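Please read the structure below before turning to the comments.
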There are 2 protein chains.
Amino acid sequence: MSVTLKDVAQAARVSVSTASRALTGTGLTSERTQQRLVRIARELGYRPNPIARGLKTGQSRLVALLVHNLTNASFQVMAEVVQARLKALGYQMLLCIGGDDPQAESDTLTTLVDHRIDGLIVVPTGKNGAQLETLSKDVPIVCLVRRDDATDLETVLADDPQGAYLGTRHLIELGHKRIGLIVGRQDTTSGRERLSGYVRALREAGIARDDALIHAGHYVPETGATCARKLLDLPRPPSAIFVANHEATLGVLRVTAERHIAIPGDLSLLCYEDMPWFEWHRPAISIVDNGARDLANLAVDRLLHRMDAKGNSKGNGSDGVREYRVGARLIQRDSCRRIDATAPARSAKSKPSSSKSSAAKSAKV
Amino acid sequence: MSVTLKDVAQAARVSVSTASRALTGTGLTSERTQQRLVRIARELGYRPNPIARGLKTGQSRLVALLVHNLTNASFQVMAEVVQARLKALGYQMLLCIGGDDPQAESDTLTTLVDHRIDGLIVVPTGKNGAQLETLSKDVPIVCLVRRDDATDLETVLADDPQGAYLGTRHLIELGHKRIGLIVGRQDTTSGRERLSGYVRALREAGIARDDALIHAGHYVPETGATCARKLLDLPRPPSAIFVANHEATLGVLRVTAERHIAIPGDLSLLCYEDMPWFEWHRPAISIVDNGARDLANLAVDRLLHRMDAKGNSKGNGSDGVREYRVGARLIQRDSCRRIDATAPARSAKSKPSSSKSSAAKSAKV
DNA sequence: CTGTTAGCGCTTTCAA
DNA sequence: TTGAAAGCGCTAACAG
């Protein structure tokens with residue numbers, strides 16, 4: 001079928017080994033034969049077979065990205081970034097979707113290693129630490145977005161404590177005192193950290209924490225809807241809701257629409273994580289950007305670094321740092337408004353998006 | 001590092017070939033050795049090396065999916081479906097993102113073939129027909145969503161003519177006579193076909209086609225916004241807009257929000273292609289579902305069929321059919337309303353989502 | 001039913 | 001600087 005190294009060697013009347021050396025560019029051939037071989041290879045349309053090469057070298061030019069799904073905009077961005085970066089370097093991306101299921105993660109992991117992937121970026125479920133730890137002996141691994149506490153793998157995380165803090169503080173600065181929080185499961189890094197940032201901002205502002213305002217659950221629209229109802233049904237409902245994830249935000253928006261609650265007139269809404277349509281939505285949804293693009297880029301950087309270090313067998317490329325944080329930032333759009341601290345939370349229905357200008361400047365980092 | 005077939009064979013005191021036969025389950029070994037080998041392999045934690053196997057068999061257990069991006073919800077769904085189906089069969093998915101760029105597509109294609117992928121599902125740009133045609137000699141290919149007219153590759157398409165027809169007819173049945181269309185570029189299959197379906201529905205209803213109501217452009221929010229403005233600025237603006245793609249719909253929604261045009265009170269909006277948040281948006285956006293999930297499943301079916309046929313070398317598995325269509329269906333939500341044919345298009349602002357019940361039953365297919 | 005032998009296409013000793 | 005030869009881990013004739 002295709003042109004092999006042997007064909008090239010024959011055409012050039014040299015041995016395969018010479019051909020190999022010339023084409024892989026080890027300076028172990030004479031300048032002349034080198035160039036000649038390159039030319040002939042091109043003429044013949046020779047393309048090295050990565051499989052054969054891999055069998056010998058143990059490499060595959062394949063890098064895997066394991067994420068939970070493609071519904072989440074952050075994961076979409078990450079997949080696109082990782083793909084683009086790797087392609088530019090001649091790697092192909094194996095995209096795996098684990099659905100946040102430990103069993104699926106475990107299975108996938110072994111198959112990936114079977115395929116002799118050269119590197120792995122994984123959003124861990126947190127339940128396969130031992131396996132990850134073992135695999136990391138063979139292949140460079142970088143964890144993304146979540147840490148697997150059972151490992152000390154290099155991990156690239158969003159600065160969730162800071163992001164949640166910034167968001168909450170922003171709402172406080174706008175005059176909100178009762179701020180509802182819809183946050184993720186507390187057995188994930190991000191769930192815990194976002195809660196902690198929220199709590200810290202309240203504490204600093206001298207606002208008492210009210211557990212009736214805090215709800216944790218899965219990152220799905222249903223959770224958002226359920227929690228929003230609970231919050232709004234409170235005797236003293238919050239004047240602002242901070243939703244720590246974009247899927248849940250969909251649920252919240254539905255509830256507010258159903259109940260004809262104007263945003264930001266009756267309720268301010270702040271969301272953690274961006275999503276393309278938040279900008280197009282009216283009112284445009286203010287967010288705390290988790291920096292998905294930066295996270296992915298950093299993860300790729302770190303992975304490449306480790307892959308490189310492994311190749312040169314100079315240490316494991318860890319650089320001594322185990323955890324990287326990518327800063328979150330507040331992006332103000334139109335879903336939060338300044339309220340008069342003395343007025344009741346639920347004012348008259350109306351006063352549409354005009355809060356933009358009145359909003360405080362971005363909190364300093 | 002890992003356990004090889006040789007290790008298993010030695011442990012079992014048989015030759016590697018026997019071990020191979022036993023483990024690959026060709027009925028060419030005695031029941032006893034077969035089971036013994038399987039047991040020993042398991043005990044040793046043997047995992048076959050796909051690279052080595054691939055070198056011999058020419059297969060890789062890798063299937064590639066080449067799409068334009070991951071921003072589009074249809075592509076997200078397709079990627080998830082393809083990934084899930086393939087994983088269940090022991091294949092890994094190589095996800096490539098071509099950005100609808102012919103050069104990128106071409107490059108990717110060659111790399112994929114280098115990697116000896118076992119199959120390819122591709123959303124073609126339409127500019128690399130010759131290359132695709134050539135590659136299809138070596139590897140089973142199924143085109144998805146778009147046809148590459150320069151080839152006669154098996155192609156799985158949405159039934160865009162029908163979908164656009166259904167959508168348009170639905171609007172007509174609701175009493176709309178001036179229906180704006182924001183459609184895709186006319187050099188793509190879907191762009192042309194969606195326009196044709198629209199035109200056919202108008203013709204059947206005896207409504208004259210008005211080119212001022214038809215705008216074609218890229219599938220991006222900006223296009224939607226620009227076209228929406230043009231449509232709404234018309235001396236006689238449309239009473240309904242049919243947006244032939246979800247990205248463009250974002251742009252349209254922004255414009256209507258900016259101008260305080262109530263949907264569906266002042267304007268009915270129908271969108272081609274679903275997106276998770278359309279359902280959560282208020283008013284929930286009515287759509288023509290292109291059946292992304294079905295498309296992906298069918299593409300996988302066809303690909304597997306061809307891969308299978310190729311393996312058994314019984315023909316090319318084409319079954320004589322070159323083109324498959326997956327039916328589109330209308331999903332009514334709350335963004336279209338019945339209008340009084342005699343009333344002016346722009347009525348008083350208000351009358352929010354209550355058109356659901358009054359909407360006509362789904363057009364029959 | 002099983003073992004022996006020969007590669008798949010490439011890299012990499014080891015000699016020359 | 002080059003060639004010959006070995007071998008990565010596996011499968012598949014071909015004998016026995």
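A, B, ... follow the sequence lines: proteins, then strands. Residue 1 opens every chain. Just so we're clear, the structure is a prediction, and the values are computed from it rather than from any experiment.
- Looking at heavy atoms from C-beta onward, B:Val63 lies out of side-chain contact with B:Met93 at the 4.5 angstrom threshold.
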Protein proximity profile, nucleotides 11-16 of chain D - base contact B, sugar-phosphate-only contact S, no contact -, cut-off 4.0 Å on heavy atoms: BBB---
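- Using modelled atom types, no side-chain atom of B:Asp308 and backbone atom of B:Leu304 make a donor-acceptor pair closer than 3.5 Å.
- Taking 4.0 Å as the cutoff to heavy atoms of chain A, we find the contact window on DNA chain C bounded by C:dG9 to C:dT13.
- In this structure, A:Arg147 contributes its side chain and A:Thr189 its backbone to no donor-acceptor pair below 3.5 Å.
- Between the side chain of A:Ser136 and the backbone N or O of A:Ile141, no donor-acceptor pair lies under 3.5 Å.
- Toward the 5' end of DNA chain C, the nearer of the two residues B:Arg13 and B:Leu55, judged by each one's closest nucleotide, is B:Arg13.
- Within the 4.5 Å cutoff, the side chain of A:Gln131 has no heavy atoms near those of the A:Glu105 side chain.
- The closest donor-acceptor contact from the side chain of B:Asp100 to the backbone of B:His68 lies at 3.5 Å or more, if one exists at all.
- Side-chain atoms of B:Leu95 and A:Gln83, non-hydrogen and from C-beta on, never get closer than 4.5 Å to each other.
- Residues B:Ser60 and A:Ile51 meet the side-chain proximity criterion, which asks for heavy atoms closer than 4.5 Å.
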